[in-house]
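Numbers here are sequence positions counted from 1.
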Amino acid sequence: MRTVYLGFGSNLGDRVENIARGQEFLRKSGVVIEQRSSLYESEPFYFFEEDKDQPWFLNQVVQAITNLESLMLLELTQEIEKAMGRTSKSSLSSGGDGKIHYAPRILDIDILLYEDLILKREALEIPHPRFHLRRYDLVPFAEIAPRAVHPIFKKTIAELLAECKDVSDVHRFTSSA
């Protein structure tokens, strides 16, 4: 069994339910979730003014164990996203203006770390190539595994969070219900 860290994000529909359903799909496929961070709400990441109208995201990082190889785990996460209504794995969409926009999504599952594997393929890059730049990944990750080490940078998640230049708003989610 291999230890993996997965990042979940949702900003469409019932965000809490979307993340829970995605994790249930994983469980039914034999992936065992050992730890879950709290849910965190984060402002949408955007490059263009017209992208600002998106709902805020809920994010969570989980530590799990699996016997799936990295590419098989990627296939499973993409199947789950598709089953929940995601039309494209890419979090980027091209608008009619030719610019690249970050699109809202029902569920996004990213493989952040897969043990200490370093992999660079067209379909998959591990560690995730941008998670060390994003507070919405680092804040929940640091909650459950502050001493996990990024295999390329040789820094802990806590160190990466302390050095992160992202100033976007990420805060613990409290349901208004």
**Student:** With Glu159, which residues qualify under salt bridge (charged side-chain N to carboxylate O under 4.0 Å, His left out), at least two apart?
**Tutor:** none
**Student:** Walk me through whether Glu24 and Arg27 qualify under salt bridge (Lys or Arg N to Asp or Glu O under 4.0 Å).
**Tutor:** CA-CA 5 Å; Glu24 180 62 16; Arg27 188 192 67 73; 2.5 Å; yes
**Student:** What heavy-atom pair brings Ile106 and Asn18 nearest, and what distance separates the two atoms?
**Tutor:** O-ND2, 3.2 Å
**Student:** Determine whether Tyr40 and Arg135 satisfy the following criterion, side chain to side chain contact (heavy atoms under 4.5 Å, CB included), listing intermediate values before the conclusion.
**Tutor:** CA-CA 10 Å; Tyr40 287 85; Arg135 286 179 43 80; over 6 Å; no
**Student:** Under the ring-ring contact (aromatic ring centres under 6.0 Å, His included) rule, collect the residues that match up with Phe141, sequence neighbours excluded.
**Tutor:** Tyr5, Phe131
**Student:** Looking only at heavy atoms, which two atoms of Ala142 and Pro146 are closest? And how far apart?
**Tutor:** O-CD, 3.2 Å
**Student:** Side chain to side chain contact (heavy atoms under 4.5 Å, CB included) with Val16: which residues, sequence neighbours excluded?
**Tutor:** Asp14, Leu39, Leu58, Phe173
**Student:** Residues two or more places apart in sequence or in another chain: which of them pass ring-ring contact (aromatic ring centres under 6.0 Å, His included) with Phe25?
**Tutor:** none
**Student:** Closer than 4.0 angstrom, basic N to acidic O: yes or no for Glu143 and Arg172?
**Tutor:** yes
**Student:** Less than 3.5 Å apart, which donor and acceptor atoms pair up between the side chains of residues 112-120 and the rest of the protein, not counting sequence neighbours?
**Tutor:**
unit_1 : atom_1 : unit_2 : atom_2 : d
Tyr114 : OH     : Arg2   : NE     : 3.4
Tyr114 : OH     : Leu68  : O      : 2.5
Glu115 : OE2    : Thr3   : N      : 3.0

**Student:** Which residue in the set Ser37, Ser42, Ser10, Ser38 passes side-chain hydrogen bond (donor to acceptor under 3.5 Å, both in side chains) when paired with Asn59?
**Tutor:** Ser42
**Student:** Kindly determine whether Ile111 and His128 satisfy side chain to side chain contact (heavy atoms under 4.5 Å, CB included), including the steps that lead there.
**Tutor:** CA-CA 6 Å; Ile111 302 171; His128 188 284; over 6 Å; no
**Student:** Under a single-linkage rule joining Ile, Leu, Val, Met, Phe, Trp and Tyr whose side-chain heavy atoms are separated by less than 4.5 Å, which residues share a cluster with Phe57?
**Tutor:** none
